[in-house]
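Only heavy atoms go into these numbers, but all of them, side chains included; no hydrogens, no water, no symmetry mates. So you know, we letter chains A, B, ... as the sequences are listed, proteins then strands, and number each from 1.
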Number of protein chains: 2
Amino acid sequence: MESLTIGKVARLAEVGVETIRFYEREGLIDEPKRRESGYREYPHETIQRLRFVRRAKDLGFTLKEIKELLDLRLEPGNACEHVRERAEAKIHDIETKVRTLQRMRKALTKLTMTCRGKRPVSECPILEAMEGDE
Amino acid sequence: MESLTIGKVARLAEVGVETIRFYEREGLIDEPKRRESGYREYPHETIQRLRFVRRAKDLGFTLKEIKELLDLRLEPGNACEHVRERAEAKIHDIETKVRTLQRMRKALTKLTMTCRGKRPVSECPILEAMEGDE
DNA sequence: ATAAGGTCTGTACTATACTACAGAGTCAAG
DNA sequence: CTTGACTCTGTAGTATAGTACAGACCTTAT
């Protein structure tokens with residue numbers, strides 16, 4: 001069993017070493033155990049965790065929100081009602097994001113159609129497809 | 001026909017006045033015409049445009065990317081091939097975002113199920129559902 | 001055993017996307 | 001025709017999310 005130093009984790013998760021230390025300070029990943037030398041030793045799951053953070057970020061979640069998402073699973077069983085409420089709120093956020101993305105995709109597809117038809121791209125289908133849904 | 005000053009546009013689009021001037025500097029909205037006094041006078045479309053920016057931002061697009069999206073519609077008809085390529089790349093990005101969001105939603109739904117069953121929330125279904133898809 | 005490269009803490013700097021003035025001029029309701 | 005709200009330019013400050021050292025210590029391959 002090879003030991004996972006911060007550099008290896010960074011390479012595997014495709015983030016920077018400094019970023020990992022930054023996430024540790026921000027509470028997005030647990031403080032790992034240390035060697036006698038002080039070197040951090042990571043469990044394998046950390047890689048998944050870091051990838052989760054990166055992806056969630058790409059989807060427009062802030063680190064604060066990502067922390068909230070991750071913390072959902074840590075709640076004690078007796079706060080179950082509370083956990084479910086928050087999870088359902090996040091699901092709602094996600095569904096709104098998906099709908100908006102789908103409208104954007106539709107608008108862009110329309111744009112490529114217009115394009116394919118060799119007609120000039122005069123009117124913008126992007127903005128028009130973004131109306132409504134507040 | 002009432003004139004749309006920056007403050008009115010800001011209220012209608014639900015953004016700050018300073019944000020509008022910032023977006024103008026960054027080229028995300030066109031420079032509007034001015035009164036003799038120097039006051040900006042906006043056309044109605046600006047409101048949709050600002051809403052588009054706000055939403056795209058919530059979906060994890062940077063202002064730079066949003067500008068690219070908006071600029072797609074301005075390309076001259078003869079650069080059609082080029083426009084289509086870029087639009088298709090954006091469609092691909094969007095589809096990836098949608099898939100990731102759907103996996104997150106699935107994971108969260110699973111979490112709420114676990115919750116509803118009154119069992120303790122011990123193992124995290126969120127991270128596990130986020131694997132694969134690079 | 002030594003040199004190259006990895007890691008440590010701590011602090012400082014950067015990019016992005018605003019946000020907040022200051023000081024001066026403009027508008028419009030009473 | 002004033003007065004309070006709005007707008008102007010320009011510059012400075014903030015929050016978020018990293019990124020980059022410096023100076024010192026650790027590891028490992030030769």
J.: Report the distance from atom CD of B:Glu36 to atom P of C:dC27, rounded to the nearest whole Å.
T.: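 My rounded result for the distance is 7 Å.
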J.: Donor-acceptor check, side chain of B:Glu65 to backbone of B:Thr62, threshold 3.5 angstrom: yes or no?
T.: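 Confirmed, B:Glu65 side chain pairs with B:Thr62 backbone.
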J.: Of the candidate nucleotides C:dC8, D:dC8, C:dC18, which contains the atom at the shortest distance from the side chain of A:Arg21?
T.: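 That would be C:dC8.
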J.: Sub-3.5 Å donor-acceptor pair from the side chain of B:Arg54 to the main-chain atoms of B:Arg49, do we have one?
T.: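 Between the backbone of B:Arg49 and the side chain of B:Arg54 there is no qualifying donor-acceptor contact (under 3.5 Å).
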J.: Could you pick out which residue, A:Glu18 or B:Phe22, lies toward the 5' side of DNA chain C when each is mapped onto its nearest nucleotide?
T.: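 So the residue in question is A:Glu18.
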J.: If you check the B:Thr19 side chain, which of D:dG18, C:dC18, C:dC8 turns out closest?
T.: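 When the side chain of B:Thr19 is considered, C:dC18 is the closest of D:dG18, C:dC18, C:dC8.
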J.: Can you check whether A:Asp58's main-chain N or O pairs, donor with acceptor, with B:Lys97's side chain at less than 3.5 Å?
T.: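 Checking the backbone N and O of A:Asp58 against the side chain of B:Lys97, a donor-acceptor pair under 3.5 Å is found.
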J.: Once you apply a heavy-atom cut-off of 4.0 Å, does A:Gly16 come out as touching a base, just sugar-phosphate, or nothing?
T.: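 Nothing, no heavy atom under 4.0 Å.
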J.: Return yes if some donor-acceptor pair links the side-chain N/O of B:Arg105 with the main-chain N/O of B:Thr100 below 3.5 Å, else return no.
T.: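 No, because the side chain of B:Arg105 does not come within donor-acceptor range (under 3.5 Å) of the backbone of B:Thr100.
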J.: Would you indicate whether the side-chain heavy atoms of A:Leu4 and A:Thr46 approach each other to under 4.5 Å?
T.: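 No - every pair of side-chain heavy atoms lies 4.5 Å or more apart.
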J.: Atom CD of B:Glu24 to atom P of D:dG10: distance rounded to whole Å?
T.: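 To the nearest whole Å, that distance equals 12 Å.
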J.: Whole angstroms only, please: what is the CD-P distance between B:Glu41 and C:dT26?
T.: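 In whole Å, C:dT26 P and B:Glu41 CD are 15 Å from each other.
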J.: To the nearest angstrom, how far is A:Leu12 atom CG from C:dG6 atom P?
T.: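 About 14 Å, once rounded to whole Å.
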J.: When the distance from CZ of B:Arg35 to C1' of D:dC8 is rounded to whole Å, what number comes out?
T.: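 Interatomic distance, CZ of B:Arg35 to C1' of D:dC8: 12 Å.
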J.: How many Å lie between NZ on B:Lys64 and C1' on C:dT16, as a whole number?
T.: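 Those two atoms, NZ and C1', are 12 Å apart.
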J.: How long is the line joining CG of A:Leu28 and P of D:dG18, in whole Å?
T.: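 Rounded to the whole Å, the gap is 9 Å.
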J.: Rounded to whole Å, how long is the line connecting atom CD1 of A:Ile20 with atom C1' of D:dA17?
T.: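 For the pair A:Ile20 CD1 and D:dA17 C1', the rounded distance is 15 Å.
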J.: Out of C:dA17, C:dT7, C:dT19, which nucleotide sits closest to the side chain of A:Ile6?
T.: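 The listed nucleotide nearest to A:Ile6's side chain is C:dT7.
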J.: Heavy atoms from C-beta onward define the side chain here; which of C:dA17, C:dT9, D:dC8 lies closest to that of A:Arg40?
T.: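 Closest nucleotide to the A:Arg40 side chain: C:dT9.
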J.: I want to check one thing: is the phosphate of C:dT16, taken as OP1 and OP2, less than 4.0 Å away from some side-chain N or O of B:Thr62?
T.: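 Negative; the distance criterion is not met.
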J.: What's the closest nucleotide to the A:Arg34 side chain, out of C:dC8, C:dT19, D:dA17?
T.: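 In terms of side-chain proximity for A:Arg34, the closest of C:dC8, C:dT19, D:dA17 is C:dC8.
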J.: Could you check which of C:dT26, C:dT19, D:dT27 has an atom nearest any side-chain atom of B:Ser37?
T.: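 Nearest listed nucleotide: C:dT26.
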J.: Suppose we call a contact any N or O donor and acceptor under 3.5 Å apart; does that hold for the side chain of B:Tyr39 and the base of C:dG25?
T.: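 Present.
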